[in-house]
Amino acid sequence: MDNEELTEQETALYDRQIRVWGVDAQRRLSKSHILVSGMKGTVVEFCKNIVLAGVGSLTLMDDRMVTEDSLSANFLIPPVDDVFRGKSLAEVCCDALRDFNPMVQVSVQKGDLSSFDGDFYDKFSAVVVSCCSLATKRLINEKCRKRQKRIAFYTVDCRDSCGEIFVDLQNYTYAQKRLDETIECQLQYPSFEEAVAVRWSTLPRRLSKLYFAMRVIENFEEAEGRKAGETSIADLPRILKLKKELCEEQIADRNQRASTSMCNHWRDSWPGSY
């Protein structure tokens with residue numbers, strides 16, 4: 001499949017963007033199959049962009065029913081009650097995205113993403129998840145990493161005006177041109193579990209405080225058994241309490257590691273040490 005050429009119709013339709021990133025990039029894009037779970041905010045914009053760009057296929061997952069509140073976070077939903085009544089977010093978005101580019105295959109997959117076995121993911125080039133729990137992110141990332149083929153994994157979270165994205169391309173190879181030669185480079189991406197387990201004291205000082213706020217909210221939702229985004233101002237006292245506990249845990253761990261390191265140094269440097 002990787003060696004298949006673009007059709008005349010594809011070449012004509014995507015002519016302008018081919019001039020920007022080249023035929024090979026467009027060919028690989030047209031053979032990519034993307035799974036997106038959680039139709040809200042930034043993810044909706046992402047789906048619109050890759051459909052217009054000419055991705056091979058796009059599979060949507062989100063069994064939540066469309067509500068009036070959904071209209072403010074999803075421009076793919078038509079503001080006509082008769083159109084979206086009784087339909088899931090994935091179904092409504094699927095209908096709208098098909099109109100953007102009839103050459104792209106857009107479909108809906110029903111069910112709980114975390115309930116599918118590893119074989120389900122083999123048909124996708126990339127998996128993008130949003131609006132899900134911390135445990136679900138860990139699980140889906142682990143399933144993608146265990147497949148024989150490399151499956152890119154992304155998580156996207158938006159909370160009002162704040163947001164973040166996590167990217168796992170596993171072992172990623174790319175070419176870098178230097179003068180008259182091309183050098184092959186590799187990047188080793190950490191898993192989602194490894195990334196969120198990093199001790200806060202080891203992170204760069206310039207890191208936005210929003211990173212820590214997102215971790216606190218995420219842990220609060222997991223501890224309370226909430227779905228992603230199910231927090232309100234009434235939860236603030238307990239969230240602040242959890243924030244204090246997490247900060248104290250991080251400080252205690254840092255002090256313990258520093259103390260252990262110092263003790264080991266004294267032991268190793270003491271006369272007659274063993």
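Atom CD of E230 has more than 12 neighbouring heavy atoms from other residues, nucleotides or ligands inside a 6.0 Å radius. Other residues, nucleotides and ligands place more than 12 heavy atoms under 6.0 Å from the CD atom of Q176. In Y211, the OH atom is crowded: over 12 heavy atoms of neighbouring residues, nucleotides or ligands sit closer than 6.0 Å. More than 12 heavy atoms of other residues, nucleotides or ligands lie within 6.0 Å of CD in Q188, so this atom counts as buried by the packing criterion.
Inter-residue side-chain proximity for T202 and R199 is flagged as met; some heavy-atom pair is nearer than 4.5 Å. Counting heavy atoms from C-beta outward, K87 and D95 have side chains that approach closer than 4.5 Å. The side-chain heavy atoms of Q17 and Q26, taken from C-beta on, include a pair separated by under 4.5 Å. Residues T173 and E184 have side chains in contact (heavy-atom distance under 4.5 Å, counting atoms from C-beta outward). Looking at heavy atoms from C-beta onward, C247 lies in side-chain contact with W200 at the 4.5 angstrom threshold. Put simply, the side chain of L236 does not reach to within 4.5 Å of the side chain of T231, judged on heavy atoms. Between V108 and T59 the shortest side-chain heavy-atom distance does not fall below 4.5 Å.
Here the rule is side-chain contact (heavy atoms from CB on, under 4.5 Å) with Y14, and of V20, N101, L6 only N101 fits it. For the salt bridge (charged side-chain N to carboxylate O under 4.0 Å, His left out) criterion with D168, the lone passing option out of R145, K137, K143 is R145. A salt bridge (charged side-chain N to carboxylate O under 4.0 Å, His left out) with E221 is found for exactly one of R238, K227, R159, namely R159.
A distance of 7.5 Å separates CG in L134 from CZ in R215, rounded to the nearest 0.5 Å. Between the CD atom of E10 and the CG atom of L29 there is a distance of 9.5 Å, given to the nearest 0.5 Å. Residue L242 holds its CG atom at 11.5 Å from CG of D235, rounded to the nearest 0.5 Å. Taking CG of L139 as the reference point, atom CG of L113 lies at 8.0 Å (rounded to 0.5 Å). For the atom pair OG1 of T67 and CG of N74, the computed distance is 10.5 Å after rounding to the nearest 0.5 Å. To the nearest 0.5 Å, atoms CD1 (I151) and CD (Q170) are separated by 7.5 Å.
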| task | Could you give me the CA-CA distance, side-chain angles and deciding distance for L58 and V36, then say whether side-chain contact (heavy atoms from CB on, under 4.5 Å) is met? | result | CA-CA 7 Å; L58 174 62; V36 174; 3.6 Å; yes

| query | Passes side-chain contact (heavy atoms from CB on, under 4.5 Å), S191 versus F153? Steps please. | reply | CA-CA 9 Å; S191 67; F153 174 82; over 6 Å; no

| task | Would you sort out whether V128 and S130 count as a side-chain contact (heavy atoms from CB on, under 4.5 Å), showing the intermediate values? | result | CA-CA 7 Å; V128 182; S130 180; 5.9 Å; no

| said: Checking D157 against I165 for the side-chain contact (heavy atoms from CB on, under 4.5 Å) test, could you report, in this order, the C-alpha distance in whole Å, the side-chain angles of both residues, the deciding distance, and whether it holds? | reply: CA-CA 6 Å; D157 277 304; I165 179 171; over 6 Å; no

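Side-chain N or O atoms of R226 include none that pairs as donor or acceptor with a backbone N or O of F220 at under 3.5 Å. The backbone N or O of G118 sits less than 3.5 Å from a side-chain atom of R147, completing a donor-acceptor pair. Remark: side-chain polar atoms of T155 are not paired, donor with acceptor, to backbone N or O of V129 under 3.5 angstrom.
Heavy atoms only, all atoms of each residue included: G111 and F116 are closest at C-CE1, 4.3 Å. Of all the heavy atoms in P78 and V92, the pair that sits closest is CD-CG1, 3.8 Å. The minimum heavy-atom distance between V167 and Y189, with the atom names listed, is O-CD2, 3.4 Å. For the pair S133 and T136, the tightest heavy-atom approach, listed with the atom from each and the gap, is OG-OG1, 2.9 Å. Of all heavy-atom pairs between D112 and M61, the closest is C-CE, 4.2 Å. Contact detail for V127 and C144: the closest heavy-atom pair is CG2-SG, 3.9 Å.
Legend: residues meeting salt bridge (charged side-chain N to carboxylate O under 4.0 Å, His left out) with K149, ordered by chain and number and at least two apart, are absent.
The closest side-chain donor-acceptor pair between S125 and H33, if any, does not fall under 3.5 angstrom.
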Identify each donor-acceptor pair in which a side-chain atom of residues 45-53 lies under 3.5 Å from a protein atom, sequence neighbours left out, and give them as a table.
residue	atom	partner	partner atom	Å
E45	OE2	K48	NZ	3.1
N49	ND2	E45	O	3.3

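Salt bridge status for E91 with R64: absent, with no side-chain N to carboxylate O gap under 4.0 Å. Between D62 and K40 there is no salt bridge, since none of the side-chain N atoms of the basic residue sits less than 4.0 Å from a carboxylate O of the acidic one. A salt bridge between E222 and R138 is present, with a side-chain N of the basic residue lying under 4.0 Å from a carboxylate O of the acidic one.
For F166 and F192, the ring centers are positioned less than 6.0 Å apart.
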